[in-house]
Amino acid sequence: VLERPGLGPFLRGLSALPGVEVVFFTAGLPEYARPIMDALADRHGAAAGGAPAAVPPPSHRLFREATSPGPAYPCIKDLARLGRPLGRTVIVEDTALAFLAHPDNGVPVVPFRGDGDDRILEEAVLPLLAGLAADARGGDEGEQQAGGPALSSFDVRPALAARFGMRAWFEAQGVTPGEGALDKGAAGAAAAPAADDSTDEEEEEGGPCRALPASSAASAVGDEEEEE
């Protein structure tokens, strides 16, 4: 397992943002992914000076059994199951079809292939998320000063839709985005692949959960550097 450069500062930067809650959501099997998350917690999770832990606790770690199957992809991450306002929920993902049900909540990133000069997390994703968090706080403070509700109507989805255009990208790939992409009758039932020709290693890392790579989306974070 290779760790993407900048992961530690990225996680610490996220955890330091006021009002931001971090969740690990993977399509990997628990027996494969949990030790990796524990190792990340040992390496990057220590909080200093009263700051929140950089790596989310076990209560904020979701594995393949929390994903939902759909006709286009067997391990969709249904963000509605998090129980948080969708207008304030963002998923950072290198497998685009994983957020097919919520295309306007996704930040697609190119998969990490071992490049030691990769700076996507620190230089592209963290500033984007920090900006969204600041906009949300600004909206909330304005509402509170005006005697309104604690949370404003701020919504991340218009900004992400304008930035990445994932809904149109999915449609161009021949798949229909939105909640209709989920097999509602089998939500959460994507835990284990049927016995087929998958290898043991594939079973551990996520079995059949493969899709069109996010790197084929022209709007994915990191593509700009490749195009220049």
Side-chain angles (χ1 to χ4, degrees), residues 10 14 17 20-27 62 64 66-112 120-121 123-136 138-139 151-190 206 208-228:
F10 172 73
L14 277 185
L17 294 174
V20 171
E21 182 181 18
V22 180
V23 175
F24 280 173
F25 198 164
T26 177
L62 301 176
R64 187 191 296 181
T67 66
S68 302
Y73 188 59
C75 297
I76 296 174
K77 298 174 183 178
D78 181 5
L79 302 182
R81 302 186 70 194
L82 296 176
R84 304 296 189 268
L86 286 175
R88 291 172 178 249
T89 301
V90 177
I91 179 171
V92 179
E93 178 63 59
D94 68 355
T95 300
L97 287 183
F99 59 87
L100 179 62
H102 304 283
D104 298 330
N105 294 84
V107 174
V109 296
V110 294
F112 178 57
I120 290 174
L121 293 179
E123 297 182 2
V125 182
L126 182 57
L128 172 63
L129 299 182
L132 292 172
D135 290 343
L151 295 180
S152 68
S153 59
F154 175 80
D155 194 322
V156 300
R157 290 171 290 190
L160 294 181
R163 170 66 177 82
F164 298 108
M166 291 305 297
R167 189 176 295 271
W169 182 81
F170 284 129
E171 292 172 349
Q173 312 307 311
V175 292
T176 302
E179 292 189 5
L182 298 169
D183 181 355
K184 290 296 187 179
C209 294
R210 299 184 184 85
L212 298 165
S215 57
S216 64
S219 58
V221 172
D223 280 346
E224 295 88 344
E225 296 177 357
E226 295 178 4
E227 292 171 352
E228 291 178 354

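All values derive from a computational prediction rather than experimental measurement. If you read the sequence from its start, that first residue is 1, and numbering goes on from there.
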Return the OG1 to CD distance between Thr26 and Glu93, rounded to the nearest 0.5 Å.
8.0 Å

With rounding to the nearest 0.5 angstrom, report the OH to CZ distance, Tyr73 to Phe99.
11.0 Å

Can you measure from OG (Ser68) to CG (Leu182) and round to the nearest 0.5 angstrom?
5.5 Å

Stepwise, does the side chain to side chain contact (heavy atoms under 4.5 Å, CB included) test hold for Asp104 with Phe164?
CA-CA 8 Å; Asp104 298 330; Phe164 298 108; over 6 Å; no

Does Pro177 reach the side chain of Met166, with side-chain heavy atoms less than 4.5 Å apart?
no

Sequence neighbours excluded, every pair satisfying salt bridge (charged side-chain N to carboxylate O under 4.0 Å, His left out) that has a member inside residues 124-136
none

What distance do Leu100 atom CG and Glu179 atom CD have between them, rounded to the nearest 0.5 Å?
11.5 Å

Smallest heavy-atom separation, Trp169 atom then Ala96 atom, equals CZ3-CB, 3.5 Å

For Asn105, all residues meeting side chain to side chain donor-acceptor pair (under 3.5 Å), sequence neighbours excluded:
none

Could you give the distance from CZ (Arg81) to OG1 (Thr67), rounded to the nearest 0.5 Å?
8.0 Å

Which pair of heavy atoms, one from Cys75 and one from Ala27, lies closest together, and at what distance?
CB-CB, 4.0 Å

Closest heavy-atom pair and its distance - Ile76, Ala181:
CD1-O, 3.5 Å

Using a 4.5 Å cut-off on heavy atoms from C-beta on, say whether the side chain of Leu129 contacts that of Phe10.
yes

If you measure from CG on Leu86 to CZ on Arg157, what distance do you get to the nearest 0.5 Å?
5.5 Å

Looking at every non-hydrogen atom in both residues, tell me the closest pair between Ala133 and Val20 and how far apart they are.
CB-CG2, 3.9 Å

Minimum side-chain heavy-atom gap Leu14-Leu17 below 4.5 Å:
yes

